[in-house]
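Inspection log for the structure reproduced underneath, given as structure tokens.
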Amino acid sequence: MIEPRLDGSAVLITGATRGIGLALSEHLSARGSLVIVNSRSEEDCNALASRLGGLSIAFDVTDEVEIKRAFHELNGLLKKRENHLYGLAHCAGSMLTSPFHFTQLSGLQQMVNEHITGAFMVTQWSSKLMMRQKRGAITLLSSVVAQQGSTGQVAYTAAKAAVEGMTKSLAKELGQFGIRVNAVAPGVIDTSLIKELTVAQREEIQRATVLKRLGNPDDVAAALAFFLSNDSSFITGQILGVDGGLKLP
Amino acid sequence: MTNSERLINVFVASLNIKQDTVTDELAYNTIPQWDSVAHMVLIAALEQEFDVMLDMDEIIDMNSVKVAKEILSKHKIEFI
């Protein structure tokens with residue numbers, strides 16, 4: 001198996017302590033990156049960073065004040081190590097499943113805060129650090145439902161569709177600073193986000209994929225790592241489906 | 001080198017302008033060289049030179065050399 005080349009640079013991973021974020025943290029760490037792991041729980045962050053030999057930086061991606069504090073702290077931590085932020089993988093965020101007429105505005109707002117505002121703020125601060133070196137790679141997480149739509153997920157799909165627009169605009173604006181921006185659009189991945197699916201629902205989804213299985217977090221982590229690595233050095237503004245062929249007609 | 005000299009050097013290098021152009025009155029978007037792209041190059045260079053981390057509001061507010069000095073002063077960079 002040919003592994004994507006990763007250069008040992010520092011990569012911030014939000015939502016790093018579970019699911020896709022955790023898989024990516026382990027993937028990058030095993031390949032020599034300095035992982036900077038984030039979640040809302042300082043205890044969980046510290047435990048993961050300790051296990052992976054990375055850095056821990058706990059903050060809520062929807063909280064402007066916390067983010068500001070965290071990036072000042074991160075700047076200091078990297079300076080001590082004479083390192084620079086090279087990569088960002090924004091994996092934080094939850095999924096809301098609720099019929100349209102049963103979705104309260106607070107639910108919509110939560111999706112907007114986590115997937116749009118959170119990505120916006122974390123990318124803004126991260127790219128500012130990357131500009132100092134005139135190089136960087138940013139990956140956002142979309143979803144197969146952003147383009148397909150999904151019954152019972154209007155708020156979630158709206159937020160994820162916005163992530164795809166954000167990815168393309170960011171790619172256009174940040175390219176001149178040597179920063180690439182791409183997104184991965186996972187299909188149905190076997191994480192805690194789908195724990196409420198029944199066995200029958202899981203089997204139905206498996207049948208709908210060309211590869212006849214659910215994805216696992218490592219499948220997505222490998223794609224995210226590719227976008228962060230130099231192997232994708234001429235790729236920006238792209239949305240890569242990691243869905244087992246779910247979208248194929 | 002004084003902080004004023006360091007500041008002028010950053011403006012000269014980031015905006016690719018002559019040293020005598022960098023006066024307190026020089027303002028964002030009043031010369032072709034100081035556009036939004038160059039502004040972010042300038043911000044990155046100022047952060048590097050003075051070892052500070054500017055907030056998003058400060059980046060938006062920094063619309064002249066004079067204001068740049070005022071903002072950096074808040075980060076304990078003195079200009080006499």
Side-chain angles (χ1 to χ4, degrees), chain A residues 10 12 36 55 57 59 61-86 88 116-136 138 166 169-181 236, chain B residues 1 3-17 22 26-65 67-79:
Chain A
L12 170 62
I36 305 155
L55 299 176
I57 188 145
F59 62 90
V61 299
T62 68
D63 187 322
E64 184 182 4
V65 175
E66 272 194 41
I67 289 176
K68 178 178 166 181
R69 187 266 311 154
F71 272 87
H72 279 269
E73 184 185 333
L74 176 59
N75 188 43
L77 288 171
L78 289 174
K79 196 174 143 195
K80 274 185 193 166
R81 289 175 167 248
E82 297 181 346
N83 206 330
H84 306 280
L85 186 65
Y86 166 72
L88 163 69
I116 306 176
T117 314
F120 187 97
M121 291 194 291
V122 173
T123 302
Q124 204 172 42
W125 279 99
S126 297
S127 61
K128 192 160 81 72
L129 290 179
M130 293 171 190
M131 279 178 188
R132 297 178 181 180
Q133 307 307 311
K134 296 186 173 58
R135 65 190 284 267
I138 294 169
M166 195 186 300
S169 294
L170 283 168
K172 288 186 176 183
E173 193 160 334
L174 299 181
Q176 59 205 320
F177 300 105
I179 301 169
R180 297 181 297 105
V181 187
T236 193
Chain B
M1 194 185 295
N3 285 338
S4 291
E5 288 168 337
R6 293 167 68 195
L7 181 84
I8 289 169
N9 287 346
V10 170
F11 269 83
V12 167
S14 302
L15 305 185
N16 197 22
I17 56 178
V22 187
L26 179 63
Y28 172 71
N29 253 345
T30 58
I31 56 172
Q33 294 94 327
W34 194 354
D35 60 9
S36 61
V37 176
H39 189 66
M40 291 313 299
V41 173
L42 174 68
I43 294 296
L46 286 170
E47 288 189 338
Q48 292 272 64
E49 177 64 30
F50 293 103
D51 193 19
V52 296
M53 189 148 176
L54 300 169
D55 295 339
M56 297 306 162
D57 289 342
E58 291 173 326
I59 293 171
I60 296 164
D61 291 343
M62 194 179 285
N63 59 4
S64 71
V65 173
V67 174
K69 288 179 181 173
E70 290 169 1
I71 288 171
L72 288 169
S73 297
K74 291 179 191 166
H75 292 266
K76 299 176 181 166
I77 311 295
E78 293 184 4
F79 295 92

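Residue numbers begin at 1 in each chain, while the letters A, B, ... track the order of the sequences.
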N/O donor-acceptor pairs between chain B and chain A, cut-off 3.5 Å:
| from | atom 1 | to | atom 2 | distance (Å) |
| --- | --- | --- | --- | --- |
| E47(B) | OE1 | K128(A) | NZ | 3.4 |
| E47(B) | OE1 | R132(A) | NE | 3.1 |
| E47(B) | OE1 | R132(A) | NH2 | 2.8 |
| E47(B) | OE2 | K128(A) | NZ | 2.3 |
| D51(B) | OD1 | K79(A) | NZ | 2.9 |
| D51(B) | OD2 | K79(A) | NZ | 2.2 |
| V52(B) | O | R132(A) | NH2 | 3.4 |
| L54(B) | O | K128(A) | NZ | 2.8 |
| D55(B) | OD1 | H72(A) | NE2 | 3.1 |
| D55(B) | OD2 | K68(A) | NZ | 2.7 |

Residue set satisfying side-chain hydrogen bond (donor to acceptor under 3.5 Å, both in side chains) with N3(B), at least two apart, ordered chain then number -> R6(B)

Taking every heavy atom of F177(A) against every heavy atom of M40(B), the minimum-distance pair comes out as CZ-CB, 3.7 Å

Exercise for review: Report, as yes or no, whether the 6.0 Å neighbourhood of atom CD on E78(B) holds more than 12 heavy atoms from other residues, nucleotides or ligands.
Suggested key: no

Side chain to side chain contact (heavy atoms under 4.5 Å, CB included) filter on A27(B), not counting sequence neighbours, yields T30(B), S64(B)

Has F79(B) got more than 12 heavy atoms of other residues, nucleotides or ligands less than 6.0 Å from its CZ?
yes

Contacts of I17(B) meeting side chain to side chain contact (heavy atoms under 4.5 Å, CB included) (sequence neighbours excluded), chain-then-number -> L15(B), T21(B), V22(B), L26(B), I31(B), Q33(B)

